[in-house]
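Chain letters run A, B, ... following the sequence lines, proteins first, then strands; residues in each count from 1.
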Amino acid sequence: MDVSDIFDNLNEAQRQAVTSESAHLLVLAGAGSGKTRVIAHRVAWLVKALKNSPHSLLTVTFTNKAANEMKGRIESLIGQDMADFWCGTFHGIAHRLLRRHWKEASLRKEFAILDSEDQYRVIKRVCKSMGLDETKWPAKQIQWYINKEKDECRRANQSEAGNDYFIEQMTKVYLEYEQLCERESLVDFGELLLRTLILLSTNQDLLSHYQKRFKHILVDEFQDTNEVQYQLLFLLKGKESSYTAVGDDDQSIYGWRGAKSDNINRFTQDFSGTDIVRLEQNYRSTQTILDAANSVIKNNQSRMGKELWTNQKEGEKISIYSAYNEDDEARYVVGTIQSWADQGRALDETAILYRSNAQSRALEEVILREGLPYRIYGGQRFYERVEIKNAMAYIRLIYGREDDAAFERVINLPPRGIGTKTLDVIRKKAKEENYSLWKASCDLIKNDGLTSRARGSLSRFMKDLENLQTEIENLELKKVVDHTIQRSGLIEYHKKEAGEKGRTRVENLAELVSAAGDFEPELEDEETPILKSFIDHAALDAGEEQAEEHESAIQLMTLHSAKGLEFPLVLITGFEENLFPHRLSIAEPGQLEEERRLCYVGMTRAMEKLCIIHAEMRNLHGMETFNPPSRFLREIPPELTVEIRTGGAVSRKSFEAKGIIVQGEIPETDLVLGQRVVHEVFGEGVILNYEGHGANARVEVNFDSSETKWLMASYAKLRPI
DNA sequence: TAAAGTGAGGTTTTT
DNA sequence: CCTCACTTTA
C-alpha cells in the first residue's frame, strides 16, 4: 500500500498535524475543519509510515459513537489488522484496565458497573439507612455532589468541610456510599476513572508498563476533559510517550459537568515541546454562515482566538423568522423543510435544533400532523429504558445472586405479592448479617422469619430463578436473553399493559434479544464470560445505535447533542432570552459564554442554509411568556440575514385571528397575496402568505383539496388564474 | 399489595 | 401544560 494515500485530500495544516514529529502536538481545530480526520490519518501515518505497532497506540474519545467511528475510519485507512489497538472512551479504557488488574485495584473479580440510575438507587438506599430527610437532602443532589467530587479526584475523606454544614452532610453520605460500594464491589462511572488513576499512581510496576507500552496517545475533544481525565493522561506520560491533543475551546459546552477547557492551556505547559497546529479552514459551511458564527463567538472574552474561513461561496443569507408563538414557529420550520423536500432534497439533510428537550413537543406535533418522518435524538436511550433495565436485572441476577440492586428491581416484577413490608424484612436481615439480599432471603425462608404468604411468593421467585439458571446453561447469549424475558414473565407483564406503551415495551424486549444476537465482546481476555461482557456493555454503552430507523427523516435534537454532526439545512428554534441563553445562565458571565459557545456550535452545524426562529410568545410551564429575541441574534451582522416578514406586508396576528386573506404584492415576483393560482400537481388554490422575495420567495397556498402547502415560488410554477 | 389521586417541579448529557 | 414521584384508597 502506498503511504501517499494517507495524505490525499489533506490541506497543508492538516498534513502538518498528521506528520508532526515534535514531542507533543496540540491541534486547535475549528468546527468543520476535519479534526477527526486528522486523528485518523495521524494514526494511519504512525502505523504505515513510521512503522509503529498498533499495540503501542492509544486513542481516546468521549462517546462510544465517536470511538466506533474513529476505529472504523482508521481501519479502512490502514487496511490491516488492528486487533491490538486500543481505541475507546475514557471510561471504556479505564474499565478495561480495572478488569485486567482487578486484584491490584482491590476489587472483586466480578465487580459490577453502576450506571447513573443504579447509582441513584444506591444513594437513595444509603440515605434511607442513614435516616436522612429526603426532602431536605434530595438524592439527585447528593449524586451530583459525589460525582463532582470524583471528577475532581477527591475521595470522601479528602473533602474540606470547614464548617460548611452542607458539605459536611454531603461528605457523610459520600463516605457511607463509598463503603457500601466497597463492600459490594460496585463501581460507578466516576469511580472507573478515579480508581484507575489511583491504581496506576500507587502501582509503579503497572504504571511503567503502560507508560512504556503507549508510545502515542491521541485524545479527541480535549476541551471536554475533566480533572480526573487530565490527571490520568498526565500520569501515563512516560519518557518516550508522545501526545496528540485535538480540541476547540470555542466548542466547550460541557463546563457544567466538570469539563475544563483550560486543560488545553495546561497541556502546553505540562507537556513541554508541544507544537501547536491550527486548523482554521472550514470545509462545511458557506462563508455567510461562518461569518455569522465568527461574529457571535467574538463576543466571548475567554478565547484562545481563531477565525474560520472557507473557500466556499457566500451562499444563502441566514433566515430570521419572528414567529407569533411556538405553534407558528413549528409551522414555519416544517414549511421550510417541506419546500426543501419539494426541491428534491432529502429529509435527513435537515435538522431542527433546540436548547431544551421540552421544546421538541410542539415541533413534533406539527411534523406528525403533516405526516413527515422524523427522528428525535437524545431523550431515552435503549439500555436506560425501564423494560430493558428490568430484563437486564434478571440477567444480572442469573450471573450473580449477590447483585442487590438487580434483586430489588425485579423481586416483585412482574407483581408476585412481595411488597415493601417483606422487602424491608429482607433488607433488615441482610444488614444485620452483612450479606446479600439473596442470602438473607434464603435464611429467612429456612428459619421461618416471614408470613407464610410472603414466604410462598419469595421461595417461588427464588426457585424460578434457579430453574431459569439451569435452563439457560450452555445456551448461546441470544437464547439466554430470549429465554429470560419469556420465563421471567416480563413479556407477559408488558403485553397486558395498556395501549401503545405496552406494545413498544414488548418490541424493545425483542430488540434486546436481537442486540444480544449481534453482540460481540471485545476479544482481549477469554476469561470473562460473554454474559458478563454483555452486562458491562449495557451499563457502559447506553445503546444509541439500537432501534434506529433507516427511513430518511427529519432530525430533531438539542444543541448539545448536535455537536460533531453536520446538516445541509439547520433550523435553530427558540432563539429567545431566558430560553437561549437559558434563564439560569444569564447572570453568570462564565455560563453566558458557554451558552454563546453553544450557539456557535449550533450555527456551525449548517452547511448550506441556516434558519433562526424566535417566538414572541411561548407557552412555558402552562404560562404565556413573552421573551425578547436572544441577544445572540443581535450579534449576527444584519447584512448576513434576511428577516422574514418583519414589519412587512402580513401581520401574523391578524392572519391568525381570522383566516383573512391579506392583500399585497410579493416583491420581485408576479404573484399577489390572495390570488387564485393553479399548480401542476396540487390543482387550484389561494395564496395565503409569503416570505422572502424574488428567486427565494416562498408562498403558502391553500389548495382546494383544503391542503395548505409552502412552496418555493420559483420551483412551483404557479399560474395565476 | 395493586391501582387511582395529589403535588412539586420542570437546562444542557456521557459514561 | 406535562411528567414524575409519592400518597391514598379498594
To the nearest angstrom, how far is A:Met557 atom CE from B:dT13 atom P? 11 Å

Categorize A:Asn412 for me: base, sugar-phosphate, or nothing, with a 4.0 angstrom heavy-atom threshold over every strand shown. sugar-phosphate

Just jot down the side chain to side chain donor-acceptor pair (under 3.5 Å) partners of A:Lys71, sequence neighbours excluded, or say none. none

Going by salt bridge (Lys or Arg N to Asp or Glu O under 4.0 Å), A:Asp250 matches just one of A:Arg596, A:Lys563, A:Arg303. Which one? A:Arg303

Nearest heavy atom decides the nucleotide; on that basis, is A:Ala539 or A:Ala358 closer to the 5' end of DNA chain B? A:Ala358

Could you list the protein-to-nucleotides 1-8 of chain C atom pairs, N/O on both sides, closer than 3.5 Å?
from	atom 1	to	atom 2	distance (Å)
C:dC2	O3'	A:Arg361	NH2	3.3
C:dT3	OP1	A:Arg361	NH2	3.1
C:dC6	OP1	A:Lys124	NZ	2.8

Could you tell me whether A:Asn357 contacts a base, only the sugar-phosphate backbone, or nothing, with contacts defined as non-hydrogen atoms closer than 4.0 Å? sugar-phosphate

Quick one: is A:Thr558 getting a side-chain N or O under 4.0 Å of the B:dT13 phosphate, OP1 or OP2? yes

Considering only B:dT1, B:dT11, B:dT15, which nucleotide approaches the side chain of A:Leu540 most closely? B:dT15

Are A:Thr422 and B:dT1 close enough that a side-chain N or O sits under 4.0 Å from OP1 or OP2? yes

Ring geometry between A:Tyr383 and A:His537 (parallel below 30°, tilted from 30 to 60°, perpendicular above 60°): perpendicular

Verify the distance criterion only: is there a donor paired with an acceptor across the side chains of A:Tyr374 and A:Glu364 at less than 3.5 Å? yes

Of the nucleotides B:dT12, B:dT1, B:dT15, which has the atom closest to the A:Phe189 side chain? B:dT15

Please say whether the positively charged group of A:Arg375, taken as NZ for Lys or CZ for Arg, lies over the ring of A:Tyr377, i.e. under 6.0 angstrom from the six-membered ring centre and within 45 degrees of the axis. yes

Rounded P spacing from B:dT12 to C:dA5 in Å: 15 Å

Rounded off to whole Å, could you give me the CG-to-P distance for the A:Asn147 and B:dT12 pair? 18 Å

Inter-nucleotide P distance (C:dC4, B:dT13), Å rounded: 15 Å

Using whole Å, what does the distance between atom C1' of nucleotide B:dT1 and atom CG of A:Asp424 come to? 14 Å

Sugar-phosphate, base or nothing in reach of A:Glu594, heavy atoms under 4.0 Å: nothing

Please tell me which of A:Leu192 and A:Leu584 maps to the more 5' nucleotide of DNA chain B, matching each residue to the nucleotide holding its nearest heavy atom. A:Leu584

Could you tell me whether the side chains of A:Glu117 and A:Gln119 share a donor-acceptor contact shorter than 3.5 Å? no

Which pair of non-hydrogen atoms, one from A:Glu595 and one from A:His582, has the smallest distance, and what is that distance? OE1-N, 2.9 Å

Whole-Å distance separating the CH2 atom of A:Trp144 from the P atom of B:dT14: 19 Å

Within this structure, what is the NZ-to-C1' distance between A:Lys389 and B:dT15, rounded to whole angstrom? 12 Å

Check the angle between the aromatic planes of A:Phe214 and A:Trp86 and answer parallel, tilted or perpendicular using the 30° and 60° thresholds. tilted

Nearest-angstrom distance, C1' atom, C:dT3 to B:dT14: 23 Å

Does the side-chain ring of A:His582 lie flat on the base of B:dT11, meaning centres under 5.5 Å and planes less than 30 degrees apart? yes

Name the closest nucleotide to the A:Arg257 side chain, picking from B:dT14, B:dA2, B:dT15. B:dT14

Mind checking if A:Asp188 touches a base, just sugar-phosphate, or nothing, with heavy atoms under 4.0 Å? nothing

From B:dA2, B:dT11, B:dT15, nucleotide with atom closest to A:Asn64 side chain: B:dT15

Candidates B:dT15, B:dT11, B:dT12 - which lies nearest the side chain of A:Glu595: B:dT11

Looking at the angle O4'-C1'-N9-C4 for a purine or O4'-C1'-N1-C2 for a pyrimidine, is B:dT12 syn or anti, with syn meaning within 90° of 0? anti

At under 4.0 Å between heavy atoms, what does A:Ser457 touch on the DNA or RNA strands: base, sugar-phosphate, or nothing? nothing

May A:Tyr254 be described as stacking on the base of B:dT13, applying a 5.5 Å centroid limit and a 30° limit on plane angle? no

Just the rounded figure in Å: distance from P of B:dT15 to CD of A:Glu191. 19 Å

In whole Å, what is the span from the CG atom of A:Asp541 to the C1' atom of B:dT13? 14 Å

Give the rounded distance in Å between these two atoms: CG of A:Leu559 and C1' of B:dT12. 9 Å

Are the side chain of A:Asn300 and the backbone of A:Ser302 linked by a donor-acceptor contact shorter than 3.5 Å? no

